[in-house]
Amino acid sequence: MAIRVFYFTYFPYFCILFSITNMLELKISHCVAEAVSQLYAIKMEAKNITLQKTRKEFEGDFTVAVFPFVKASRKAPETTASEIGNFIKTNLDEVEDFNVIKGFLNLQISKTYWINFINSNNIDNFGFKEIKDTNPVLVEYSSPNTNKPLHLGHIRNNLLGWSVAEILKANGKQVVKVNLVNDRGIHICKSMLAWQKWGNGETPETSGLKGDHLAGKYYVLFDKYYRAEITEMIANGIEKEVAEKQSSLIKEAQDMLRKWEAKDKATIDLWEKMNGWVYKGFDETYKRLGVDFDKIYYESNTYLLGKRIVDKGLTDNILIKKEDNSVWADLTADGLDEKLLLRGDGTSVYMTQDLGTAELRFNDYQASQMIYVVGNEQNYHFDVLKLILKKLGYSWADSIYHLSYGMVELPAGKMKSREGTVVDADDLISEMETTAYEKALELGKIDDFESEEAKQLYYTIAMGALKYFILKVDPQKNMMFNPSESIDFNGHTGPFIQYTHARIKSLLRKADWKVNCDLNENISFLTKEKEIIRIIHEYPSIIMQAGENRSPALIANYAFELAKEYNGFYQEIPVFKEENEDLKNFRLVLSAFTANVLKSAMGLLGIQVPERM
RNA sequence: GGUUCCGUAGCUCAGUUGGAUAGAGCAACAGCCUUCUAAGCUGUGGGCCACUGGUUCGAAUCCAGUCGGAAUCACCA
């Protein structure tokens, strides 16, 4: 996005650089600041002046609440607002009129401004900033374990991570999408051991199971036998805690982990074989979800990292060693606890590895920021991670940002793999497709579709519904998913917005319309039309906010607002019946612009919009 | 018990840095297809913004406390 130099004629030393995206708002803010300075001799920073959208029930486009100025003006709020309004009207071309209600100054933007806005911005990448060639932002997301298939919680993670990455790109950031695959450890050995013991050589091919589901099956099987063994041991009078540690199964799994770490050939072969199945399964799910990665880190390569960092921390007396040789970070002075970094036997823990991988990826990319999309159950972990890195003196510690998102809850509570209450990702996507198919059939939507196009449409709508359902919720909040009430296709949903887009496209096809973006300035538009323009005008600033807050929800709710407004227009105002060619052209341009922005916004969420549905 | 996050309509959610009479969708009810796609539009009903106090011209929003829920405080990841 080009940075534009701009200055006020009446206030020449306001020669400010800023992005074009919210130029109008900035101009108005500056003008208000100048007004109160000249009228009441008070200094006010333009950025401290709150400019809001005028509420629908009042006339105007932007509103300034003048209450903060009445002390200085020593006049009634109404008078103060009128005086400021007059100042703005005479000094700012874009503002053609104003009205005052109580202490609220409602400004009306000139038609010329809106028309120029449409004429010069109706382009494909409207609202996007040009990507600058600087140090990239890393976004880590997904980060699955290779012992079980993905579930609804992972879906939220993947959709969030992918979308946030796209939103950052739209904000001009260079982005690297990173996945850190947890492919080793005791939980992986559990699946391996169970398969070895009870699998009879079963493979994805022989079983017809997707590789990740096959591995998950044996993970569950391990747990079943493990619990049975413990139950039996308890019956024989052994304490539960003791039984859990003495169980022959867990000992075998631990033994397998030791063999893996010793690079025992047979163990490594088995590990590679089973992980291979899982990756194939994951790839399929990722593809259906439409997410991708620029770089995949494997924990089997990184799990030994971090020890060197810890050693250095010891030498520098930042970390402490206890008598059993374990190494700790004492964070009690910062209100946190002591954190273990190396066990007495010198092996590392999760935190140690994360210290190491943070340094690794910083060095790999010279990242300007490292975002971790990880559930809010790990808030403490990331607080500690940042703090330790800071204590160890890494300048980039502050560039770590934990994008913490809330859990997906079921009516029965949290999802638990072992209790079989998880909503499987693959199953859910398939169910959504079936629902989309049934719905389309019921509505007679696909009667003239080729089978391939119809199939594509079910997928598009199914994913639109699913992705929108998840992304419209503020990331940091927990969200509820009720499997018995399938995700809606009407109302505040993805398909609603997709439908609006398809409708516009149909309109444009029928119009056999040739692009004429040079709108005639003499047209007059109706309230509904102006409202659509105003919403479109907001898009660049919504992208910025979504980037700053790392929140696809802002984009999602914005797209709904625009689609809803457009549908109202579509219902009430006919396009083809309009005899005035300039007006007809304007409505088509407005429709096309709306379709563009809907497509763009949904694109940031990873949602396709169909040409017809 | 300590720390953090959350509490808005029957349900699911908006409400960005304090601003006008708190908004959508779903569900319920009543309308709108010889007219650009009815997966749409219009209307009705539905609220002590958990509670109490404070800050100020003004609080769902900021502060403190209370109550309710969640997460976390592992030599698991």
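Protein chains get the first letters and strands the later ones, always in sequence-line order, with residue 1 at the start of each.
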| Given atom CZ of A/F98 and atom P of B/rA20, what is their separation to the nearest angstrom? | 21 Å

| message | Both distances below 3.5 Å, Watson-Crick or wobble geometry, any strand: find the nucleotide opposite B/rA77. | response | none

| Does the side chain of A/S247 pick up a donor-acceptor pair with the side chain of A/E244 at under 3.5 Å? | no

| field | Earlier contact from the 5' end, RNA chain B, for A/T50 and A/A440 | value | A/T50

| message | OP1 or OP2 of B/rC73 versus the side-chain N and O atoms of A/K339: is any pair under 4.0 Å? | response | no

| request: May I ask you to decide if A/K148's main-chain N or O and A/S191's side chain share a donor-acceptor pair within less than 3.5 Å? | output: no

| task | Flag the pair A/Y566 / A/F569 as yes when their ring centroid distance falls below 6.0 Å, and as no otherwise. | result | yes

| Does A/N179 use its side chain to pair, donor to acceptor, with the backbone of A/S142 at less than 3.5 Å? | no

| task | Take atom C1' in B/rC73 and the same atom in B/rC11, then report the distance between them in whole Å. | result | 34 Å

| note | In whole angstroms, the gap separating P of B/rC36 from CD1 of A/I573 amounts to 16 Å

| said: I'd like to know whether the aromatic ring centres of A/W271 and A/Y298 sit less than 6.0 Å apart in this structure. | reply: no

| If pairing requires Watson-Crick or G-U wobble contacts with both distances under 3.5 Å, which nucleotide is the partner of B/rG31? | B/rC41

| task | Write down the distance separating the P atoms in B/rC33 and B/rA38, rounded off to the nearest Å. | result | 12 Å

| query | So which nucleotide does B/rA60 pair with, by the Watson-Crick or G-U wobble rule with both distances under 3.5 Å? | reply | none

| task | Would you classify A/P77 as touching base, sugar-phosphate or nothing, given that sugar-phosphate means primed atoms plus P, OP1 and OP2, and contacts are heavy atoms under 4.0 Å? | result | nothing

| query | Between B/rC41, B/rA20, B/rC36, which nucleotide gets closest to the side-chain atoms of A/P574? | reply | B/rC36

| query | Looking for any heavy atom pair under 4.0 Å, which part of the strands does A/M407 touch: base, sugar-phosphate only, or nothing? | reply | nothing

| A/F67 side chain, from C-beta outward: closest of B/rA39, B/rG19, B/rC75 | B/rG19

| request: Looking at every strand, decide which applies to A/F576 at a 4.0 Å heavy-atom threshold: base, sugar-phosphate, or nothing. | output: base

| Nearest-Å distance, OH (A/Y405) to C1' (B/rU4)? | 17 Å

| Ring centroid separation A/F496 to A/F560 under 6.0 Å | yes

| query | What do you reckon, do A/F58 and the base of B/rA20 stack, with centroid distance below 5.5 Å and planes below 30°? | reply | yes

| Of the nucleotides B/rG25, B/rC75, B/rA70, which one has an atom closest to the side chain of A/E409? | B/rA70

| When we call it a touch if two heavy atoms are under 4.0 Å apart, what does A/N376 touch: a base, just sugar-phosphate, or nothing? | sugar-phosphate

| message | Let's test this: given Watson-Crick or G-U wobble pairing with both distances under 3.5 Å, identify the partner of B/rU16. | response | none

| note | Taking B/rU12, B/rC75, B/rG23 as options, the one with an atom nearest any side-chain atom of A/L340 is B/rC75

| query | So what does A/V575 touch, heavy atoms closer than 4.0 Å: a base, only the sugar-phosphate, or nothing? | reply | base

| Is A/S506 near enough to B/rU37 that one of its side-chain N or O atoms lies under 4.0 angstrom from OP1 or OP2? | yes

| Is there a donor and acceptor pair, one atom on the side chain of A/Q545 and one on the base of B/rU16, closer than 3.5 Å? | yes

| A/L443 CG - B/rA39 P separation (whole Å) | 5 Å

| query | Taking N and O atoms by type only, does the side chain of A/T63 place a donor or acceptor under 3.5 Å from a partner on the base of B/rA20? | reply | yes

| Chi-based syn or anti call at B/rC33, which uses purine or pyrimidine torsion atoms and a 90° bound | syn

| query | Reckon A/E548 touches a base, only the sugar-phosphate, or nothing at all at heavy-atom distances under 4.0 Å? | reply | nothing

| What's the NZ-P distance between A/K477 and B/rU4, to the nearest Å? | 19 Å

| said: Measuring from the side chain of A/Y350 (C-beta onward, heavy atoms only), which nucleotide among B/rC13, B/rC36, B/rA77 has the closest atom? | reply: B/rA77

| said: For a quick check of understanding: with a heavy-atom distance under 4.0 Å over all strands, which category does A/D474 fall into, base, sugar-phosphate or nothing? | reply: sugar-phosphate

| Considering only B/rG19, B/rG15, B/rC73, which nucleotide approaches the side chain of A/L554 most closely? | B/rG15

| Looking for any heavy atom pair under 4.0 Å, which part of the strands does A/T347 touch: base, sugar-phosphate only, or nothing? | nothing

| note | Looking only at B/rA14, B/rG25, B/rA22, the nucleotide nearest the A/K564 side chain is B/rG25

| In whole Å, what is the span from the CG atom of A/L336 to the C1' atom of B/rA74? | 16 Å

| said: Say we look at B/rG25 and B/rA14: how far apart would their P atoms be, to the nearest angstrom? | reply: 16 Å

| query | What's the spacing between A/R55 CZ and A/N106 CG if we round to 0.5 Å? | reply | 11.0 Å

| field | Verify stack between A/Y499 ring and B/rG40 base, 5.5 Å, 30 degrees | value | no

| query | Mind checking the C1' distance from B/rG15 to B/rA9? Whole angstroms is fine. | reply | 14 Å

| request: Quick one: label A/A553 by what it contacts on the DNA or RNA (base, sugar-phosphate, nothing), any heavy atom closer than 4.0 Å. | output: nothing

| task | Pick base, sugar-phosphate or nothing for A/E299, based on heavy-atom distances below 4.0 Å to the nucleic acid. | result | sugar-phosphate

| request: Give the nucleotide from the list B/rC75, B/rU37, B/rA70 with an atom nearest to the side chain of A/R503. | output: B/rU37

| said: Can you confirm if the aromatic rings of A/F62 and A/F98 lie within a centre distance of less than 6.0 Å? | reply: no

| message | Please report the distance, rounded to the nearest Å, between CZ in A/F569 and P in B/rU42. | response | 14 Å

| said: Any donor-acceptor pair, under 3.5 Å, between the side chain of A/N557 and the base of B/rC13, if you only look at N and O atoms? | reply: no

| How far, in whole Å, is B/rC5 from B/rG45 if one measures between their C1' atoms? | 35 Å

| remark: Contacts of A/Y570 and A/F489 projected onto RNA chain B by closest heavy atom; the upstream (5') one is A/Y570

| query | Looking only at atom C1', what distance separates B/rG46 and B/rU8, rounded to whole Å? | reply | 14 Å

| field | Candidates B/rA39, B/rC57, B/rC75 - which lies nearest the side chain of A/K71 | value | B/rC57

| field | Nearest-Å distance for atom pair CZ/P, residues A/R55 and B/rA24 | value | 10 Å

| said: For a quick test of reading the model: is some side-chain N or O of A/K102 closer than 4.0 Å to OP1 or OP2 of B/rU21? | reply: yes

| request: Consider the side chain of A/R343, meaning its heavy atoms from C-beta on, and name the nucleotide among B/rA39, B/rC76, B/rG19 that approaches it most closely. | output: B/rC76

| request: Would you kindly check whether a donor in the side chain of A/N106 faces an acceptor in the base of B/rA20, or vice versa, at under 3.5 angstrom? | output: yes

| message | Tell me whether A/N549 contacts the main-chain N or O of A/S551 through its side chain, where contact means a donor paired with an acceptor under 3.5 Å. | response | no

| For the ring pair A/Y372 and A/F382, is the centre-to-centre distance below 6.0 Å? | yes

| field | Same-atom distance (C1') from B/rU61 to B/rA20, integer angstrom | value | 16 Å

| message | What's the gap between B/rC49 and B/rA71 when it is taken at their C1' atoms, as a whole Å value? | response | 24 Å

| said: For B/rA70, give the paired nucleotide (Watson-Crick: N1-N3 plus N6-O4 or O6-N4; G-U: N1-O2 and O6-N3; both under 3.5 Å), or none. | reply: B/rU4

